[in-house]
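Below, chains carry the letters A, B, ... as their sequence lines are ordered, and counting in each starts from 1.
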Amino acid sequence: MSRPVRTRFAPSPTGYMHIGGMRTALFNWLWARHCGGTFILRIDDTDQQRNMDEALGPILRAFRWLGLNWDEGPEVGGDYGPYYQSQRGDLYQAAVDKLLAEGKAFKDFDPPELVKADREAAEAEKRNYLNVRRSLDLSAAEVADLEAQGAPYVIRFLVDRTASIAITDHVRGDVQWECAQMPDPVIMRSNGSPLYNFATVVDDIQLEISHVIRAEEHLANTAVQALIYQALGAELPEFAHIPFVAAPGTTKKLSKRDVGKYRNNPQFRKLFDLADTTLPRLGLEVSDALNPVMVSFYEEIGFLPEAILNALARLGWSYDDKTENMPLDFIVENFTLDRVVKASAGFDPDKLLAFQEHWVAQRPLEERVDRCLPYLQRVGWIGETASNEERGYVQRLLVALADRIKVFSDIVGYDEYFVADDALTYDEKALEKRVRKSEVAVTLLRGFRDQLATTESFVAADLDALLHQFVESQGAKIGDIIHALRLAVTGKPAGPGMFDCLELLGRDRCLNRIDLLLAKVN
RNA sequence: GGCCCCAUCGUCUAGAGGCCUAGGACAGCGGAUUUUCAGUCCGCGAACUGGGGUUCGAAUCCCCAUGGGGUCACCA
């Protein structure tokens, strides 16, 4: 039990990185880093024949974005490579040959249709399905004959149905199974490619994986895998079956297949709303690869890696009874398997947003500017290379916006600070209430417009004083005009402090916009 | 259905027999600040699935029930 810690995450190249899978990867990464061990990325592509760059790109990108580096795997290589299952055929073949030679596996010549019929028959009789070992009755000569004829066959691992198998799991404790009802799993297809349950064991042995940390949904697979370890004469790794990530507010596994349903999930709503309003502005749209179940969504929409990492780490793991906000290095230092809970953990968008707010608040202004600029460039509100002037303006805007920017793409919702005066859009409802139905407001606005035109200083504090003096001289209250003023210069009923808005926009734009509104209501 | 796993506030969790009239965080609600929104501050409501045991004592241990979930491929 004292071998070096080596953990792995073995994604299938699907073209996207699932948030639940990312959490599993994170736990593997954390354990390796906590122990000063090695974290490996292995690509489980035994069943894949698509474009590898396209399929793997988003996955590696997610790891890079979150800063989860891998010590061995694609692009970085390593002493145990290759790290693509599709390139490790020799290993699987050798293992199969060994099992075959020792009588621990057999060639099954039953055609797929027959196997299927067996299964359906069992089902019809409400009997538990067990594969029928017809091929086991074949003599050596018959087998040789069939092979000579080129008859297709799969290779099955021969389960000892009198045995039982047990593991000690770091989160589940002791778990055991009786093998009596266990079908002999196919370990190699008729085309010679290995199946997951087999390949993963062969790989984990060869890669000297010390801890297999994976989601609970793999617990059932573990029985046959453990049997294969034994048959191959290998020591079992340590297992830790962590709870799976559930859909918000449910105990059902978060699944890419249910993305459509999640739209109606009240707790998921916020994220989908964010996706629906912001993605299109960025020239993107919700898709199978880009939605709140996928890591790329959070990157595109402008979440901070710290927030995602913090939220993911807290899904099924805790440090103590009060610590919530934790930077990665703290988590690495304190992450242990014994503090992983057993019950499934529902992904909580609200909590994620809260982590995001916390970590954004920690970032220096300069960095927040840097993170917002790309979005503004994407929508064309500032130049491809931001001028110092533009940068300064965005910086002042961010100061005024303060905590209102939750995710960095939120900045594209503040078009009023960038569009031409005559392109400003107005909140109709507020306009009706605050301007059209309020003669006082219009009158005051007209009067204050002249004050703004002639006042010397156009900085927030002075404008504040100016307006207060003005309303006092008119025998009015600030509330009588301020909403109309806000509508006039920003078109919106809410936003940063009024005087910050005025200063930010500057005299010309303010006057121009007030005139435009006044003309509009007359 | 077989096998396996799980069960504390709405959610994420703390809790490893007395520290629990069950703690924290998020969300919710109320109040304060304020020109709006966001924020901030203060406060409130909110949970041990049920039943049997074991024990002086159980959220914590055991059993049963109930409920929820996962998995049963020539997918990973």
Side-chain angles (χ1 to χ4, degrees), chain A residues 10-14 21 44-48 85 108 112 115-116 119 122-123 126-130 152-156 169 171-173 175-178 180-183 185-197 199-200 215-223 241 243-244 246 248-253 266-267 311 314-325 338-339 341-355 357-358 361 401-406 430 434 464 467 477-483 485-487 490 492-499 501:
Chain A
S12 187
T14 52
D44 282 12
D45 58 347
T46 59
D47 198 42
Q48 242 65 37
Q85 285 191 331
D108 184 348
V115 174
K116 193 176 168 208
R119 186 173 290 115
E123 207 166 309
K126 296 195 167 179
R127 215 177 62 223
N128 191 233
Y129 167 74
L130 269 186
Y153 60 86
V154 297
I155 294 173
R156 285 182 189 273
D169 189 280
V171 353
R172 311 277 144 196
V175 185
Q176 57 172 264
W177 300 264
E178 296 301 324
Q181 295 300 313
M182 220 177 271
V186 174
I187 58 177
M188 198 164 266
R189 297 185 180 90
S190 50
N191 70 7
S193 64
L195 272 98
Y196 169 75
N197 269 143
T200 201
E216 182 195 349
E217 66 211 68
H218 286 282
L219 190 54
N221 284 145
T222 307
H241 286 90
F244 56 79
T250 74
T251 48
K252 282 196 176 63
K253 196 171 70 161
Q267 304 183 56
R314 285 289 287 100
L315 241 39
W317 176 84
S318 66
Y319 170 64
D320 62 8
D321 61 337
K322 5 193 90 83
T323 314
E324 293 285 341
N325 298 129
D338 62 307
R339 286 203 63 84
V341 276
K342 295 174 170 182
S344 62
F347 176 58
D348 187 347
D350 279 325
K351 197 118 184 183
L352 170 60
L353 252 0
F355 280 124
E357 286 176 39
H358 171 82
L401 250 16
D403 302 305
R404 273 159 279 242
I405 298 290
K406 310 294 187 199
R434 301 298 195 177
D464 191 334
L467 183 62
K477 291 176 311 217
I478 206 125
D480 295 333
I481 178 180
I482 206 150
H483 303 290
L485 180 58
R486 179 182 292 284
L487 256 325
T490 70
K492 294 179 181 168
M498 186 69 264
F499 306 105
C501 293

Please classify the nucleic acid contact of Asn221(A) as base, sugar-phosphate, or nothing, using heavy-atom distances under 4.0 Å. base
If the C1' atom of rC9(B) is compared with that of rG31(B), how far apart are they to the nearest Å? 23 Å
Does rU71(B) have OP1 or OP2 sitting under 4.0 Å from an N or O in the side chain of Lys253(A)? yes
With rounding to whole Å, what would you report as the distance between rA25(B) and rU66(B) at their P atoms? 38 Å
Between rA27(B) and rG70(B), how far is it from one C1' atom to the other, in whole Å? 28 Å
Who does rC37(B) pair with, Watson-Crick or G-U, both distances under 3.5 Å? none
Rounded distance in Å between the P positions of rG30(B) and rG45(B): 15 Å
Quick one: Trp177(A) CH2 to rU71(B) P, roughly how many Å, whole number? 15 Å
Watson-Crick or G-U wobble partner of rC61(B), both distances under 3.5 Å: rG53(B)
Determine the interatomic distance between C1' on rU8(B) and the same-named atom on rC42(B); round to the nearest Å. 28 Å
Checking Arg172(A) side chain against His241(A) main chain: does a donor-acceptor pair fall under 3.5 Å? yes
Need the pair for rU66(B). Rule: Watson-Crick or G-U wobble, both distances under 3.5 Å, any strand; none if unpaired. rA7(B)
How would you label the contact of Lys342(A) with the nucleic acid (heavy atoms, under 4.0 Å): base, sugar-phosphate, or nothing? sugar-phosphate
Categorize Arg119(A) for me: base, sugar-phosphate, or nothing, with a 4.0 angstrom heavy-atom threshold over every strand shown. sugar-phosphate
When you look at Phe244(A) and His218(A), which way does the ring-ring contact (aromatic ring centres under 6.0 Å, His included) test go after all the steps? CA-CA 10 Å; Phe244(A) 56 79; His218(A) 286 282; over 10 Å; no
Would you say that Val171(A) contacts Asp338(A) through its side chain, given a criterion of any heavy-atom pair below 4.5 Å between the two side chains? no
Taking the C1' atom of each, how far is rU60(B) from rG18(B), in whole Å? 11 Å
Under 4.0 Å, heavy atoms only, any strand: does His241(A) hit a base, just the sugar-phosphate, or nothing? nothing
Indicate for each nucleotide in nucleotides 11-26 of chain B, in 5' to 3' sequence, whether protein heavy atoms under 4.0 Å reach the base (B), only the sugar-phosphate (S), or nothing (-). BBSSS-------BBBS
Once rounded to the nearest 0.5 Å, what's the spacing between atom CE of Met498(A) and atom CD1 of Ile482(A)? 6.5 Å
According to the Watson-Crick and G-U wobble definitions, with both distances under 3.5 Å, which nucleotide is paired to rC48(B)? none
Same-atom distance (P) from rG28(B) to rA73(B), integer angstrom: 44 Å
Between Arg339(A) and Ser318(A), is there a donor-acceptor pair closer than 3.5 Å when you use the side chain of the first and the backbone of the second? yes
Nucleotide rC72(B), atom C1' - distance to CZ of Arg127(A) in whole Å: 15 Å
Tell me, do Ile155(A) and Asp108(A) make a side-chain contact under 4.5 Å, heavy atoms counted? no
5′-ward residue of the pair Glu217(A)/Asn191(A) relative to RNA chain B: Glu217(A)
With a 3.5 Å limit on both atom pairs, tell me what rG43(B) is paired to, counting Watson-Crick and G-U wobble, or say none. rC29(B)
Whole-Å distance, Tyr196(A) OH to rC72(B) P, equals 11 Å
Test your reading of the model: is there a side-chain donor-acceptor pair from Arg189(A) to the backbone of Pro194(A), 3.5 Å cut-off? yes
Can you confirm whether Pro243(A) sits close enough to Lys342(A) that some side-chain heavy atom of one is under 4.5 Å from a side-chain heavy atom of the other? no
Report which part of the nucleic acid Arg172(A) touches: base, sugar-phosphate, or nothing (heavy-atom distance under 4.0 Å, all strands). sugar-phosphate
Report which part of the nucleic acid Thr251(A) touches: base, sugar-phosphate, or nothing (heavy-atom distance under 4.0 Å, all strands). sugar-phosphate
Below 4.0 Å: OP1/OP2 of rC75(B) and any side-chain N or O of Arg189(A): yes
Donor-acceptor contact below 3.5 Å, side chain Ser12(A) vs main chain Thr14(A): no
Scan every strand shown for a Watson-Crick or G-U wobble partner of rA14(B), both distances under 3.5 Å, and answer none if you come up empty. none
Could you give the CZ-to-P distance, from Phe244(A) to rG68(B), as a whole number of Å? 14 Å
Ignoring hydrogens and geometry, is there a side-chain-to-backbone donor-acceptor pair from Arg404(A) to Gly495(A) under 3.5 Å? yes
Would you kindly give the CD-to-C1' distance between Gln176(A) and rC4(B), to the nearest whole Å? 11 Å
Looking at every strand, decide which applies to Pro11(A) at a 4.0 Å heavy-atom threshold: base, sugar-phosphate, or nothing. nothing
Has Arg486(A) got a side-chain atom pairing as donor or acceptor with Pro496(A)'s backbone, closer than 3.5 angstrom? yes
Inter-nucleotide C1' distance (rC56(B), rC64(B)), Å rounded: 26 Å
Can you tell me if Lys406(A) has over 12 outside heavy atoms packed within less than 6.0 Å of its NZ? yes
Any base atoms under 4.0 Å from Val154(A), or only sugar-phosphate, or nothing? Heavy atoms, all strands. base
At a cut-off of 3.5 Å, list every protein nitrogen or oxygen paired with a nitrogen or oxygen from nucleotides 39-45 of chain B, distance to 0.1 Å.
{"from": "rG39(B)", "atom 1": "O2'", "to": "Asp403(A)", "atom 2": "OD2", "distance (Å)": "3.0"}

Within this structure, what is the CE-to-P distance between Met182(A) and rG2(B), rounded to whole angstrom? 16 Å
Using Watson-Crick or G-U wobble geometry with both distances below 3.5 Å, tell me the partner of rG2(B), or none. rU71(B)
Output the rounded distance in Å from CG (Asp108(A)) to P (rC74(B)). 10 Å
Between CG of Asn128(A) and P of rC4(B) the distance, given in whole Å, is 11 Å
